[in-house]
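These notes are about the structure you will find just below.
Each chain gets a letter, A, B and so on, in the order the sequences are listed, and its residues count up from 1.
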2 protein chains.
Amino acid sequence: MSNAYNRPDQLSPELRRRVLETARRLGYPGPDPVARSLRTRKAGAVGLLLTENLSYAFRDPAAVGFLEGLALACEDAGQGLLLVPASPEREDVAAVHRAGVDGFVVYSVPDDDPHLAAVLERPVPTVVCDQPELETVDRVGIDDRSAITGLARHLIELGHHRIGVVCMRLGRDRNDDFVTLERQRSAHFHVQRTRLAALADAFAGVGVDWATVPVVERFDHTTASGESAAAQVLDRDPEITALICTSDILALGALTEAGRRGLRVPQDLTVTGFDGIPEADRAGLTTVRQPVLEKGRAAGRLLLDNAEHGRPRKVTLDTELIAGRTSGAPRAAAQIWYGP
Amino acid sequence: MSNAYNRPDQLSPELRRRVLETARRLGYPGPDPVARSLRTRKAGAVGLLLTENLSYAFRDPAAVGFLEGLALACEDAGQGLLLVPASPEREDVAAVHRAGVDGFVVYSVPDDDPHLAAVLERPVPTVVCDQPELETVDRVGIDDRSAITGLARHLIELGHHRIGVVCMRLGRDRNDDFVTLERQRSAHFHVQRTRLAALADAFAGVGVDWATVPVVERFDHTTASGESAAAQVLDRDPEITALICTSDILALGALTEAGRRGLRVPQDLTVTGFDGIPEADRAGLTTVRQPVLEKGRAAGRLLLDNAEHGRPRKVTLDTELIAGRTSGAPRAAAQIWYGP
DNA sequence: GTGAAAGCGCTAACAC
DNA sequence: GTGTTAGCGCTTTCAC
């Protein structure tokens, strides 16, 4: 009987037909997938763990691009994709324990995330995308340091040295405010930490004291956050000539706030983002493009490529600096620093 | 031991701690979720079946909105969301059989979809969103007939009577071409069929012979499809004053094609869409807005509301006509029909 | 508070 | 080509 469902080639088509028909007549709904999974030790699905609320994943274009790539990889392999309901607020790790999956993809979570810890305890393969960087686990990501350093060089060449920064959440606690150097250094989100450190290094190279640079953090990743954060930076130091945002979403909000203040971009204020989402492209935003779809696909492939591997594999994808219409030379400062 | 994991209150914290620690030391990775599911008869997840490739779902803003709403509902209930890898090309129904879920949400599939049939055979609750309309199954959707009739009236009031139509796929077979009346009538996608029929009725009311109206179909739901379909209609009948598209994505493509031909919108050509996605809003598209997020949420709630119900429940959400900047009076025809 | 045992529904292995 | 059986790992029940 099992054969009729699972091994059509092992018996005659006629018999198979008869068995199946009889089964149906008896009201047999087909093999129970859960029981089958228990027996075969295969769930036929990949679990996805996200930093954010499940629903958020569909609101951030970069996350959607990642999901698309991951879905592509799963589809190719005939695997399902299980979105694990692990909200950052709820510390409830049970959802991770209950997930019937053959492996996990973890997308951009803090290094102290309890859900991540729960995932790593499960005896299934895991691939991390972006963060955290774990020695023992496969990882797909970009070179954040070199990517943002390229952006910093672009701004430095334009003549900016009085800058402000808007970044995404640095820890699991909410801090919608300025960020101390200590908090920057100890951020639990490796990506943000690296970007800030690389910016500090780059601007230190042209004599900027990083301690004087206003850095503002936002917990929620929305354009509204970008607006209010930009306002906070500009209120603190109206003299800044460039506002570096660590995501396009934040940068788009910053553009809105600049417009509200009558600041022309880029004449009065340069604004930059990170990610290269379609909306940023339409807005002509200066940003760093990263291959979000490729990241998802690579993560999925890594997980599903069951090739036994000794040491954990690391995939680093390329990024590209997009010099858009939102960056230009600062009005006055350029004269002082790179005068004729 | 089971109690230590599942019923923390049934034993002393001290004992619980000891048990758990011993378990860990022995390398016990925690209860197997699949075995637990088999025993408890609960998978803790909802399956989602889509018309399209899994990855496509992330490219259509309307689908993304639906997913967001569904994810929201699942999250609230602590349920996972399993994306079932059922591509329309592959007739492989196995993925449906293998899905370890407590119920299915089916999003906009043709009435003869084999995956749908497989879902309905499984002994779990199911909710259909949009299509098909099944007597015995819960459904969330809109009133397509009245929605598109409102749009038709808008165009008729403006004075349009020479129109063309671009619609989405009408069956599982690819037909990137004009659509016969017979094909319109027998379309396996209830939503498209209803919209076309309602348009036919509305325009028949002002003396338009529907058989003379060029209707073009596209299998792929992309702006590129909208472009080429608009071109096909305009090549056939350059005299049309309005192009009705059954989705915003198609309409946005049509706008591109109109621009390419030097047709001013709406002076030379009126273009309308359907859905009310953000991009349409930005483009000022005349369209019908439907609450995509609400649809997803309603579908999820319906499925997870385990209230025993006798007859299948039907949820019909409201739509809104958005009169944008892409619809206006036709140049010449308006003089003839509604002249001063 | 603890231990033993039945059984969820299936598949794989083996004997016929 | 067919029938039987063990056991996947868990939870629940019941006896202690």
Students should find that the end-to-end axis angle of the helix from C:dG1-D:dC16 to C:dC16-D:dG1, with five pairs defining each axis and rounding to 10 degrees, is 40°
Under the rule for side chain to side chain donor-acceptor pair (under 3.5 Å), what residues qualify as partners of B:Arg193, not counting sequence neighbours?
none
Show, in sequence, the C-alpha distance, side-chain angles and deciding distance for B:Asp111 and B:Gln131, and conclude whether the side-chain hydrogen bond (donor to acceptor under 3.5 Å, both in side chains) test is met.
CA-CA 7 Å; B:Asp111 54 26; B:Gln131 44 192 356; over 6 Å; no
Could you work out, with side chain to side chain donor-acceptor pair (under 3.5 Å) as the rule, every residue matching A:Thr222, not counting sequence neighbours?
A:Ser225
Grab the N/O contacts between the protein and nucleotides 6-8 of chain C below 3.5 Å, and write none if there aren't any.
{"residue": "C:dG7", "atom": "N2", "partner": "B:Arg39", "partner atom": "NH1", "Å": "3.3"}
{"residue": "C:dC8", "atom": "O3'", "partner": "B:Arg41", "partner atom": "NH1", "Å": "3.4"}

B:Arg174 atom CZ, over 12 foreign heavy atoms within 6.0 Å:
yes
Distance check needed: C:dG9 P versus B:Arg36 CZ, whole Å only.
18 Å
Specify the separation, in whole Å, of atom NE2 of B:His97 and atom C1' of C:dG9.
16 Å
Near DNA chain C, counting only heavy atoms under 4.0 Å, which residues of residues 19-32 of chain B show up?
none
List the atom pairs, with distances to 0.1 Å, where a side-chain N or O of residues 71-86 of chain B and a protein N or O form a donor-acceptor pair under 3.5 Å, not counting sequence neighbours.
{"residue": "B:Glu75", "atom": "OE1", "partner": "A:Ser55", "partner atom": "OG", "Å": "3.4"}
{"residue": "B:Glu75", "atom": "OE2", "partner": "A:Leu54", "partner atom": "N", "Å": "2.4"}
{"residue": "B:Gln79", "atom": "OE1", "partner": "B:Ala45", "partner atom": "N", "Å": "3.3"}

Salt-bridge present (A:Glu68, A:Lys295; N to O < 4.0 Å):
no
Between A:Glu217 and A:Arg169 (salt bridge meaning N to carboxylate O under 4.0 Å), is one present in this structure?
no
Roughly, in whole Å, what's the span from CZ in B:Arg122 to P in C:dG9?
14 Å
For A:Phe58 and B:Phe58, take the angle between the two ring planes, folded into 0 to 90°, and tell me which bin it lands in: parallel under 30, tilted 30 to 60, perpendicular over 60.
parallel
Exactly one of A:Leu293, A:Asp60, A:Leu48 clears side chain to side chain contact (heavy atoms under 4.5 Å, CB included) with A:Phe66, and that residue is A:Leu48
Do B:Tyr5 and A:His97 get their side chains close enough for a donor-acceptor pair, meaning under 3.5 Å?
no
